[in-house]
Amino acid sequence: MTPKDITAFQTTFLTWYDANKRDLPWRRNHDPYLVWLSEVMLQQTQVQTVLPYFQRFTQALPNLTALAAVDDAQLLKLWEGLGYYSRARNLKKAAQQLLADYDGHFPQTASELENIIGIGPYTAGAIASIAFEEVVPAVDGNAYRVFSRLLADDFDISQSKARAHFAQEIQPLLPKKRPGDFNQAVMDLGSSICTTKDPACLLCPIQAYCTSYQTGSQLDFPVKTKKIRQKKVQLIALVIQNDQGAYLLQQRPEQGLLGGLTTLPLVALDDLDLAEQTKPQAIQAYFAANYDLALTQVQDLKLKPVVHVFTHLHWTIHLFAAKLGDPQADVAYFPGYFVPKAQLGNQAQATLQKKLLKRANLSKK
DNA sequence: CATACGTGGAC
DNA sequence: TGTCCAAGTAT
């Protein structure tokens, strides 16, 4: 495109945005705190899913000071069900970091924003352009789709170099004024018109500039070679009641899958030594060896297994029940605690845990 | 550079 | 049922 074409392209695109932009709660002002929070919530997550979480979160924690001081239990409760829980933990760390090292003010350039935990190249570009009008691209999945098609650019977006590559391609197309609106226009176009399957090219405001449209090759872009495989894992979830009728929950480590959340005690079948037909004995031995905890009456509840799929894992979970060998036994070596049935919902629950409780008929109502 | 990290929805 | 996708980042 010539400089003149680029100017016309920008004007056309921004005019379309002005007329068609979505009314989203984080677009009502350019408060960097709200822009930041929305961008983190939106990482790998759709707008419709984020909306109620954003509402609750901002109501409970309206600014950096509140977020920095929130206790972890409340933080996770606000995030429960949204997934990628390290995002929540990193938000709090970042708030503390901003208060301690930045006087409570966000740095105003993408380059500096990337030094904040949880802010990568995309989010840095989004905050810098939207909240501070820095002329930088925000290269996310929408940008890959829109610009790979616009430019018929076959760079493989599976490669880690892709982000830098497309940033370089996009930079000359960015308007000096309203770079944030331009980036948000890309997102709205990508979610409504320039969609993965069946893009609505006839409604596209920048169709005239789109190289792939001219050759009918829209669906060949973006090029993506990598495929994700889900590892299949069989597990057992245990319903263990003490003599007060409370249920044992397992506290997961801060780092890793479902970090910091509680679930029914889980054992991967890989971790059991004995053969399939002796599962109860194997579970008993496992708890004795790993947690110094004696279980009795371990039995298969023979319920339909709970299936839960993560990005990279496919879990099939069989529900078992058990009793404590000694009702007075302390569970000091077990990473968890007993919770009365009525209070099971008080802790932050991953969707997985909600499924387990429902299958075991332990949910409220 | 590859892998870990959630969930819900579309087809 | 299986597969892929959706405003990515940390390690």
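Lettering follows sequence order; numbering is per chain, from 1.
A gap of 25 Å separates the P atoms of B/dG6 and C/dT1, to the nearest Å. Between the P atoms of C/dT9 and B/dG8, the separation comes to 22 Å (whole Å).
Looking only at side-chain heavy atoms (C-beta outward), A/Ser191 and A/Gln46 stay at 4.5 Å or farther from each other.
Near-neighbour residues of DNA chain B inside residues 20-35 of chain A, defined by a heavy atom below 4.0 Å, are absent. Residues from residues 124-133 of chain A with heavy atoms under 4.0 angstrom of DNA chain B: there are none. Contacts between residues 168-187 of chain A and DNA chain C, defined by a heavy-atom separation below 4.0 Å, involve A/Met187, listed by number.
Atom pair A/Glu114:CD and C/dA10:C1' shows a separation of 12 Å (rounding to whole Å applied). In this structure, A/His314 places its NE2 atom 9 Å from P of C/dT1, rounding to the nearest Å. In this entry the distance linking CD1 of A/Ile119 with C1' of C/dG8 reads 12 Å, nearest Å. Separating the OH atom of A/Tyr144 from the C1' atom of C/dC4 is a distance of 17 Å, rounded to the nearest angstrom. One can place NZ of A/Lys93 at 10 Å from P of C/dA10, the figure rounded to the nearest angstrom. Distance, A/Ile157 CD1 to B/dC1 P: 15 Å, rounded to whole Å. Between A/Leu91 atom CG and C/dG8 atom P the separation is 15 Å, expressed in whole Å.
Residues satisfying the side-chain contact (heavy atoms from CB on, under 4.5 Å) criterion with A/Pro62, sequence neighbours excluded, are A/Ala66. Under the rule for a side-chain contact (heavy atoms from CB on, under 4.5 Å), the partners of A/Gln251 that lie at least two apart in sequence or sit in another chain are A/Thr262, A/Tyr337. Scored by the side-chain contact (heavy atoms from CB on, under 4.5 Å) test, A/Asp270 finds no partners at all (sequence neighbours excluded).
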Ignoring hydrogens and angles, write down the donor-acceptor pairs under 3.5 Å from the side chains of residues 307-319 of chain A, residues two or more places apart or on other chains.
from: A/His308; atom 1: ND1; to: A/Lys355; atom 2: NZ; distance (Å): 2.9
from: A/Thr311; atom 1: OG1; to: A/Tyr84; atom 2: OH; distance (Å): 3.3
from: A/His318; atom 1: NE2; to: A/Gln234; atom 2: OE1; distance (Å): 2.7

N/O donor to acceptor pairs below 3.5 angstrom from side-chain atoms of residues 28-41 of chain A, sequence neighbours left out:
from: A/Asn29; atom 1: OD1; to: A/Asp31; atom 2: N; distance (Å): 2.7
from: A/His30; atom 1: ND1; to: A/Ile130; atom 2: O; distance (Å): 3.2
from: A/Asp31; atom 1: OD1; to: A/Tyr33; atom 2: N; distance (Å): 2.9
from: A/Tyr33; atom 1: OH; to: A/Leu61; atom 2: O; distance (Å): 2.7
from: A/Ser38; atom 1: OG; to: A/Leu34; atom 2: O; distance (Å): 3.2
from: A/Ser38; atom 1: OG; to: A/Val35; atom 2: O; distance (Å): 2.8
from: A/Glu39; atom 1: OE1; to: A/Tyr122; atom 2: OH; distance (Å): 2.6

Scan the side chains in residues 285-292 of chain A for donor-acceptor partners under 3.5 Å anywhere in the protein, sequence neighbours excluded, and list what turns up.
from: A/Asn290; atom 1: ND2; to: A/Tyr286; atom 2: O; distance (Å): 2.9

Side-chain atoms of residues 104-115 of chain A: list all donor-acceptor pairs with protein atoms under 3.5 Å, sequence neighbours left out, distances to 0.1 Å.
from: A/Thr109; atom 1: OG1; to: A/Glu112; atom 2: N; distance (Å): 3.2
from: A/Thr109; atom 1: OG1; to: A/Glu112; atom 2: OE1; distance (Å): 2.8

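Atom CD of A/Gln171 has more than 12 heavy atoms from other residues, nucleotides or ligands within 6.0 Å.
With ring centers used as reference points, A/Phe182 lies under 6.0 Å from A/Phe13.
As judged by a 4.0 angstrom heavy-atom cut-off over every strand, A/Thr123 is placed among residues touching the sugar-phosphate backbone only.
Annotation: cation-pi pair A/Arg56/A/Tyr53 present, NZ/CZ under 6.0 Å from the ring centroid and within 45° of its normal.
Checking A/Glu39 against A/Ile117, the closest nucleotide of DNA chain C that is more toward the 5' end is the one next to A/Glu39.
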Where protein sits on nucleotides 2-11 of chain B, one letter per nucleotide: B base, S sugar-phosphate only, - none, heavy atoms under 4.0 Å: -BSBBBS---
Evaluation steps, side chain to side chain donor-acceptor pair (under 3.5 Å), between A/Ser148 and A/Asp153: CA-CA 5 Å; A/Ser148 65; A/Asp153 186 331; over 6 Å; no
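For residues 126-160 of chain A, the ring pair (Phe, Tyr, Trp, His ring centres under 6.0 Å) pairs, not counting sequence neighbours, are A/Tyr144-A/Phe166, A/Phe155-A/His165.
Using a cut-off of 4.0 Å between Lys/Arg side-chain N and Asp/Glu carboxylate O, A/Asp181 and A/Arg27 are scored as not salt-bridged.
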